[in-house]
Each structure stands twice: as structure tokens, then as C-alpha cells.
Amino acid sequence: MDITNITVRYEDKVVLDDISVAIKLGKLTGIIGPNGAGKSTLLKAMMGLVKREAGEVMISDVALIKVKQKIAYVPQRSEIDLTFPITVQETVLLGTYPSLRLMQKPGKKEKERAHQALKQVGMESYAKKQIGQLSGGQLQRIFIARALAQNAEIFLLDEPFAGIDATSERFIMGLLKKLRDSGKTIVVVHHDFHKVAEYFDEIILLNKKLITAGPVEAHFTDEMIKRAYEVQMVRGG
């Protein structure tokens, strides 16, 4: 997946400045950087959810927009309307809609796909609950299940571990690694750089501009962290 010259500006403020980076398919990639670095904006710009001043995203020489049905975007919890009257099962079933014809409703096959996706994330017993009744960790599992029901090949997750407990984080991280091992491409916006080496194969280190990108062991160095965060830091763990 090739990102080329992406620039995003909000009014007069440059949020992303000419970002070009290749994301390896079949890998677990973390987008890392300080607050305000443009991490979430990069995901949204890739999906066309924010306006790009310049740049393009290609997958195997095809524009991302043309294969969007194979890409699942999981937003931050703060962007989800938890008061919306929709159940867990209905939420996951939404993942099957990209494969349906116009005006076609999900049938038995799609409902079974949604059930299997819920089972895969260990949430089948919550099928009838309204999404506002879920904890942060449970909600993340549901949106991963929706992506599974979509038969997505690429998962883009924006801060999936924000506001969830350590047990849920371990479960979700284990699930993402299993998806990676099955050939899926996972891209995660992540704020805790202490866990980068444990969680990711590749990193994209940002601070409005691209600082570095590539395999964690080669690119997640003290020098690059200092360049990104612009302060002297010592990694823990």
C-alpha cells in the first residue's frame, strides 16, 4: 500500500506535510507520534474521510477508493454515537453490506457471517445488547467483528486501546496478531511508544512530517523517538 505526497491542511494549519510511505501488506504496522502529530488524520486521509490537499493512496497500483470494500476502518470510541439504537448483532451485520447489491438486505448467509465474526471475538453472547451498554474493550471487539464480517483484507484502527482495561488490550492485541498471521494487513494508531517493540512489525513515526518508517528493530531507535517527540526520552521496558 503506497501513500504518496499526502498533505492535509485545516484552514491555515498544516496537519500532514507531504507524507510518502509504503505500508507492507500482511504486516502489523503502528502509527506512532506525539499528540497532534497527525496520526489519526493520516488514517482518515487514506480513507477519504478528510480532504487531502494533495496526495494519493494506491494498493497494488489501484486507487484505494476503488477497493474500499476490502478496507475496514475502526474509529476512536469518542467518534461513535453510543446512544444510537442499534444492537451488537446489527452493528456487525453492517459489515456485510458492501458485498450486497443496491437495496438488497442481509440474508441467512450474511447473518451467519456476522455470527461467526462475533464468535471469533468472543462476543456472541452480547448479540442482542445495545452498543451503548458495552465497555470500551467490548466495543472495540464489536467493531473488529464488523470488519471480519466485511471480509476486509486491511484493518485501519484509530487508538483501539484508548480507555480500555489491560485485559481487553491483551485480548485485542492477540486477535490482531492472529489476523496478521492469517494474511491480513493491520494498521494501528497507537499512543504508548513503550509497547511498540512488543506489538508491531513495522512503524510509521510521525510528527506532521514523516520521521521514519520501516521494521521496528531498525527504525524505532532513541534518536528517531527524540526527533519525533522533540525531547530527550528514555524508553522503558
Side-chain angles (χ1 to χ4, degrees), residues 1-10 14-33 37-75 94-102 104 110 113 117 143-144 146-160 175-190 196 199-220 224 228:
M1 181 160 51
D2 295 309
I3 297 168
T4 307
N5 304 124
I6 283 189
T7 298
V8 176
R9 186 188 303 268
Y10 294 155
V14 176
V15 182
L16 291 174
D17 187 4
D18 195 30
I19 303 292
S20 293
V21 64
I23 297 175
K24 289 185 179 179
L25 300 180
K27 297 291 185 180
L28 223 168
T29 298
I31 302 178
I32 314 297
K39 304 184 297 295
S40 297
T41 301
L42 179 59
L43 283 195
K44 291 175 182 177
M46 290 166 63
M47 291 295 293
L49 300 175
V50 298
K51 184 180 179 181
R52 301 193 294 247
E53 186 174 280
E56 62 181 5
V57 184
M58 307 289 286
I59 300 175
S60 302
D61 298 322
V62 178
L64 180 147
I65 195 72
K66 293 184 178 180
V67 291
K68 208 170 180 179
Q69 71 275 13
K70 287 296 182 182
I71 301 169
Y73 169 67
V74 179
L94 288 174
T96 67
Y97 276 74
S99 63
L100 298 176
R101 296 187 303 274
L102 187 66
Q104 183 184 1
E110 286 77 27
R113 207 159 85 205
F143 281 97
I144 292 172
R146 184 179 68 176
L148 290 169
Q150 184 181 330
N151 285 333
E153 293 297 326
I154 298 174
F155 292 64
L156 308 178
L157 299 96
D158 192 356
E159 295 274 15
L175 180 59
L176 295 179
K177 287 182 177 180
K178 286 180 183 176
L179 290 171
R180 183 267 323 269
D181 292 344
S182 73
K184 307 294 186 184
T185 301
I186 317 291
V187 182
V188 178
V189 170
H190 190 55
V196 168
Y199 282 2
F200 303 113
D201 307 314
E202 307 262 326
I203 61 160
I204 298 169
L205 195 56
L206 284 183
N207 194 344
K208 298 181 182 177
K209 292 177 176 290
L210 179 67
I211 305 301
T212 190
V216 168
E217 62 271 17
H219 293 264
F220 190 60
M224 291 301 170

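This one's a predicted model, so the numbers in the text were calculated from it and none came from an experiment.
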*Any idea which heavy atoms bring L205 and A228 closest together, and the distance?*
CG-CB, 3.7 Å

*Looking only at heavy atoms, what is the nearest atom pair of L16 and G38, with distance?*
CD2-O, 3.4 Å

*Measure up the H190 and Y199 rings against each other and bin them: parallel (under 30°), tilted (30 to 60°), perpendicular (over 60°).*
tilted

*asked:* Nearest 0.5 Å, please: how far is NZ in K209 from CG in N207?
replied: 10.5 Å

*I23 side, atom CD1; L42 side, atom CG - distance, nearest 0.5 Å*: 6.5 Å

*Minimum-distance pair of heavy atoms, taken over all atoms of I203 and I32*: CG2-CG1, 4.4 Å

*Are any non-hydrogen side-chain atoms of D158 and Y73 less than 4.5 angstrom apart?*
yes

*CG of L94 to CZ of R146: how many Å apart, nearest 0.5 Å?*
6.5 Å

*Atom CG in L25, atom CD1 in I186: separation rounded to 0.5 Å?*
11.5 Å

_Donor-acceptor check, side chain of K184 to backbone of F155, threshold 3.5 angstrom: yes or no?_
no

_Between CG on residue N151 and CD on residue Q69, distance to nearest 0.5 Å_ = 11.0 Å

*I59 and I71, any side-chain heavy atoms less than 4.5 Å apart*: yes

*Under 3.5 Å, is there a donor-acceptor pair between the side chain of T4 and the main chain of S20?*
no

*Compare every heavy atom of V21 with every heavy atom of A213, then report the nearest pair and how far apart it is.*
CB-CG2, 3.4 Å

*Report yes or no: does R113 contribute a side-chain atom to a donor-acceptor pair with the main-chain N or O of A149 at less than 3.5 Å?*
yes

*Take L43 and L157, measure what side chain to side chain contact (heavy atoms under 4.5 Å, CB included) needs, and give me the verdict at the end.*
CA-CA 8 Å; L43 283 195; L157 299 96; 5.8 Å; no

*asked:* Is it the case that the side chain of E153 and the backbone of T185 share a donor-acceptor pair, with hydrogens and angles ignored and the cut-off at 3.5 Å?
replied: no

_side chain to side chain contact (heavy atoms under 4.5 Å, CB included), that's the test. Do V8 and I19 meet it? Break it down for me._
CA-CA 9 Å; V8 176; I19 303 292; over 6 Å; no

_Test: K208 and D17 ion pair at under 4.0 Å_ = no

*Tell me, please, which residues at least two apart from K27 pass side chain to side chain contact (heavy atoms under 4.5 Å, CB included).*
K24, T29, D201, E202

*Looking at CG of L148 and OG1 of T96, how far apart are the two atoms once the value is rounded to the nearest 0.5 Å?*
13.0 Å

*Give the minimum heavy-atom separation between M46 and V57, together with the two atoms involved.*
CA-CG2, 3.9 Å

_Let's go through N5 and D18 carefully: what are the C-alpha distance in whole Å and the side-chain angles of both, what is the deciding distance for side chain to side chain contact (heavy atoms under 4.5 Å, CB included) to 0.1 Å, and is it a yes or a no?_
CA-CA 4 Å; N5 304 124; D18 195 30; 2.9 Å; yes

*Scan for salt bridge (Lys or Arg N to Asp or Glu O under 4.0 Å) pairs involving residues 41-58, sequence neighbours excluded, and state none if there are none.*
R9-E53, K44-E79

*Stepwise, does the side chain to side chain contact (heavy atoms under 4.5 Å, CB included) test hold for K70 with I154?*
CA-CA 7 Å; K70 287 296 182 182; I154 298 174; over 6 Å; no

*What pair of heavy atoms forms the shortest contact from K39 to G33, and how long is it?*
NZ-O, 3.0 Å

